[in-house]
Each structure stands twice: as C-alpha cells, then as structure tokens.
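Notes follow the structure.
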Amino acid sequence: MFKLHQKPWIFFFTLFLAFLFIGSAVAIEPGNKRKGKYTYRKVYKACFERGAVESPKPSINPDAHTQAEWTEIFTQKDFDAFGCADEWAALPEEDVRDIYAYLHGHASDSPTPAKCK
Amino acid sequence: MKRSAFFFSVLLLLATGMHGLSAAAETAKTPEWFFHDIVDMEFVKQHVDVPMPENVMLIDARPTRSKYNKGHIPMAVNIPYTEFDKHVDKLPKDKTALLIFYCEGPQCKLSHKSARKAEALGYTNVKVFAGGFPRWMEEPGHYAAVPGAFVKKHMDKKSDMVLIDSRPKRSKYDKGHIPGAVSIPDMDFEKMLDQLPRDKETLLVFYCGGFKCRLSHKSAQKAMALGYKNVVVYAAGYPDWKSTYGDMDVADVGDKKSSTTLKAGKEEGSIDPATFERLVKENPERLHIVDVRDADEFAKGSLKTAVNIPVDKLEARIKELPPDKPVVFVCGTGARSGESYYMVKDLRPELKDVFYVEAEMTFAKDGSFKIVKAD
C-alpha cells in the first residue's frame with residue numbers, strides 16, 4: 001500500500017531528472033579520425049582567415065586531454081575552450097564526430113598521443 | 001509529506017516549462033546579430049525563378065559539402081561564409097543587384113555575416129532570408145535542388161534513386177543523357193506515370209537542360225503533387241553533367257584506368273597495402289606518390305619515385321597533383337597521408353584516383369620501405 005502511494009511522485013521526479021539530463025548525457029559516437037584531423041585544422045584555418053585567431057594551427061593538441069576528458073568535452077558539447085565559436089557552431093554533427101575521433105584517438109593516454117602536426 | 005513531495009515535483013516541472021517558454025519568447029525577439037534587412041518567404045518566392053531574373057542572386061552561405069551539396073533552395077549559388085573572400089568573383093558586378101543570403105534558419109549566423117561582408121564591398125541591395133533552407137522546405141510543394149556531386153554520389157552508392165530526364169526524348173535524350181536516366185519528358189509526364197516507382201519514398205531526381213530549363217522543375221512539382229516525398233532537382237542538369245563527368249558511362253568512372261588494379265583498402269580512401277607494395281615494385285611510374293612528411297624526414301629516406309609535399313604545404317601546391325595518374329599519399333602512420341587525402345577530396349574533388357596508405361611505414365635511405373602494420 002505504501003509503495004503504491006509512493007509511485008506517482010517517484011515517477012514525476014524521475015521524469016524531471018530525465019528531462020534535465022537525458023539530452024546532455026548521450027555519449028558521442030566517434031567518426032572518421034583521418035577526416036577529423038583535416039576538418040579540425042580547417043576550422044582554425046577559416047577562423048584565422050577571418051582574423052579571429054593568431055595562428056591557423058589549432059591551439060589545443062590531441063594530447064592536451066585524456067580520452068575520458070575528450071569524451072566528456074564532446075558529450076557535453078563544451079567547445080568554449082576551442083575558441084572559433086562561429087566555426088564550431090557551423091560544424092555539422094558528422095564533422096564534430098570526426099574531430100572527436102581524431103582528438104580521442106591521439107589523447108595523452110592513447111597508444112599514439114599526438115601534437116597537431 | 002508524500003503529497004508535498006508530489007506537488008514539489010509538479011512545481012519543478014512547471015517551473016522548467018515556464019523557463020522554456022520565457023526562453024522561447026526571448027528568441028522570438030530579433031537578435032542583435034541579425035542583419036538589418038530581413039526578408040520573408042514571400043519575398044524570396046517573388047524573386048526566385050527559372051531562369052533567375054537578371055540582377056538577382058540567391059546565395060547559400062552554408063558549407064558546401066555538408067549542407068549545400070545535400071540540398072539547397074533552387075537557383076541558389078553557394079558562397080560559404082568561411083570562403084566568402086575567396087569567392088567574391090561569383091557575386092554580380094553590378095553593385096545595385098539584389099543579393100539574398102540565407103543559411104540554416106533563424107539560429108544560423110552565416111548569412112547575416114556574409115550579408116555584412118557584401119555590404120562592405122559596396123552592394124546596396126542586400127537582404128537576408130533568415131528562415132533559410134529549413135523554412136523553404138516547410139512550404140508544401142517545395143523541393144530542394146542538388147548539384148551533380150549529389151547525383152554522382154548516389155550513383156556510386158547504388159542508392160535507390162530514379163534519375164529522370166525531363167527533356168524531349170528524340171531531340172535531346174536520345175542524343176545524350178546521364179547514364180541510367182529514364183526519359184519522362186515533361187510534356188508526356190501524365191501519360192508516363194507507369195515509369196515512376198510505386199514507393200512514394202523513393203528518391204526522384206529530375207534534370208533537364210540546365211539553369212534556364214524549367215522542365216525538370218515542372219515535373220518535380222507534378223511528382224510532389226502525386227505524393228512523392230523525396231523529390232529533388234539537379235538544376236544545373238545535363239550541360240553540367242557533361243562538362244564535369246563527360247559522356248562516359250558513370251559506372252566506369254575511375255574503374256577503367258585504375259581501380260581494377262588499385263584495389264582499395266579497408267578504410268575510405270585507402271589503398272590495399274599489398275597492392276601498393278606490388279605496384280611500387282613492378283611499375284612505380286604508374287603512380288604519382290606524394291610523401292607528405294616534413295622535408296627533414298623525407299631527406300632521411302623515402303620511396304625512389306616519391307615527391308615531397310609536406311602536408312602543411314599541400315594546399316598551396318595542390319594544383320601540382322596530376323589529373324591523369326593515380327595519386328597515393330604516404331607518411332609514417334597514415335595520419336598526415338589521410339589528412340592529405342581528405343584535403344584533396346575537399347579542394348580538388350575532380351581528382352577521382354586519390355588514395356593514401358593507411359598503415360605504419362618505415363623508409364630507408366636506399367628507397368626501400370616496409371609497411372609495418374595496417375591500422
């Protein structure tokens with residue numbers, strides 16, 4: 001009897017939590033890391049050409065984070081640290097997944113950590 | 001206590017909803033970054049026609065490959081915002097011409113920023129269709145236009161696509177058409193409905209004689225009225241196809257000369273490592289091999305016939321790649337060669353026979369090499 005009375009508010013509370021977190025907690029699927037490297041550099045080249053950054057090379061290298069950190073950044077779509085917000089906003093989901101695959105694949109704790117060479 | 005918890009949850013839900021509503025109300029206001037001259041769908045419909053009126057240009061400011069090539073407002077010219085400065089020559093010479101920019105809807109800034117750039121160049125009649133491509137497609141009976149690359153891609157993928165030539169059969173289709181196209185002249189459309197697929201979800205691509213030809217547009221509208229849901233028009237049509245892909249049978253593009261010999265690897269764009277090793281041994285002149293490592297790495301050893309174009313310099317030297325010979329990029333791990341492959345796909349898409357070695361490679365001073373492991 002007690003459980004039956006308890007169910008409605010548990011249901012609504014769970015629903016509320018789901019509304020809050022479901023959108024941001026979906027893990028990102030990695031794309032094509034080779035294409036991702038090209039796209040990542042292309043983003044900064046475009047950003048450089050419009051004078052928003054000092055260098056056409058990306059300021060954050062793949063080995064700047066661990067794989068778990070890259071996953072967290074891309075799952076949360078927390079791209080502020082990358083700068084070039086306009087270019088990032090214009091990237092289609094496929095390109096974002098490609099960039100994620102590149103950065104994650106060469107993270108500091110990956111078998112092949114890399115600078116953006 | 002239990003009841004209060006229930007009401008608390010409901011209140012929180014309501015509060016979240018109210019917050020969403022107020023946010024929506026805020027976005028309904030004109031954002032500060034909007035261009036000063038915004039036009040609506042009616043305005044665009046008044047000014048977009050086949051052929052386009054003189055002194056009017058509709059400009060898609062979205063990226064080419066990921067957006068424009070997948071579908072755009074018919075008759076729109078593509079000048080991606082990020083490449084605006086490079087393609088200024090595409091704009092009309094007359095600075096009083098009407099320029100209508102659009103991109104991916106009210107949240108997209110690209111068209112607004114491009115419009116400002118156009119104004120800075122001296123154009124005096126610049127507008128932004130803020131609703132953009134999504135708004136265009138919302139209108140019943142509206143369809144997208146696609147470029148030749150879209151058609152070619154679906155051919156190569158052997159998609160479930162029906163390509164329809166809307167031109168007169170005897171005088172046009174019989175003298176040359178896109179391979180695989182069926183002839184349904186617009187004037188005979190109603191008589192030839194049995195040529196259309198039963199499945200209304202099938203991709204129908206209509207084309208005719210280029211940007212001045214209305215036939216494909218008229219047929220596309222008729223197909224949509226019949227309930228077909230996946231209708232597009234290849235507005236540049238047969239003249240564009242002929243100049244881009246020639247008269248050859250599309251199934252043979254890239255196959256006759258090389259791909260039967262250049263076996264592809266597992267990854268997109270890669271060459272089968274064993275095939276590459278064999279060709280380098282038996283007939284290296286058959287390939288244009290580009291080592292994209294840095295000059296100091298190249299100096300320590302590379303393939304005998306390889307030329308060195310470091311990946312950082314490839315964009316500037318991309319015109320050096322030959323159109324008549326398969327190009328294969330190599331490096332130490334596949335990372336820089338893979339990047340080079342995608343750069344060529346992006347910047348010189350007309351080059352069809354381009355590959356990279358997706359493997360770890362080591363090179364000796366005497367020109368020998370080893371493919372250590374495929375990735």
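Side-chain atoms are counted along with the backbone in the values below, which use heavy atoms only and exclude waters and symmetry mates. Throughout, protein chains are lettered first and strands after them, A, B, ... in sequence-line order, and every chain is numbered starting at 1. The structure displayed is predicted, hence computed values, not measured ones.
If you tally non-hydrogen atom pairs under 4.5 Å between each of B:Arg65, B:Glu268, B:Lys109, B:Glu315 and chain A, the highest count goes to B:Glu315. Of the listed residues B:Gly338, B:Ser66, B:Ser337, B:Ala335, the one with more heavy-atom pairs under 4.5 angstrom with chain A than any other is B:Ala335. Note on A:Cys47, A:Pro92, A:Pro56: by heavy-atom pairs under 4.5 Å with chain B, the leading option is A:Pro92.
Residues satisfying the side chain to side chain donor-acceptor pair (under 3.5 Å) criterion with A:Glu29, sequence neighbours excluded, are absent altogether. For A:Asp78, there are no salt bridge (charged side-chain N to carboxylate O under 4.0 Å, His left out) partners, not counting sequence neighbours.
The pair A:Arg34-B:Glu358 meets the salt-bridge criterion, with a side-chain N (NZ, NE, NH1 or NH2) lying under 4.0 Å from an Asp/Glu carboxylate O.
For B:Lys113, the part lying under 4.5 angstrom from a heavy atom of chain A is the side chain only. Only the side chain of B:Tyr81 comes within contact range of chain A, with at least one heavy atom under 4.5 Å from a heavy atom of that chain.
For A:Tyr100 and A:Phe74, the gap between ring centers is short of 6.0 Å.
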### Message
Checking B:Tyr356 against B:Tyr341 for the ring-ring contact (aromatic ring centres under 6.0 Å, His included) test, could you report, in this order, the C-alpha distance in whole Å, the side-chain angles of both residues, the deciding distance, and whether it holds?
### Response
CA-CA 6 Å; B:Tyr356 76 100; B:Tyr341 166 80; 5.8 Å; yes
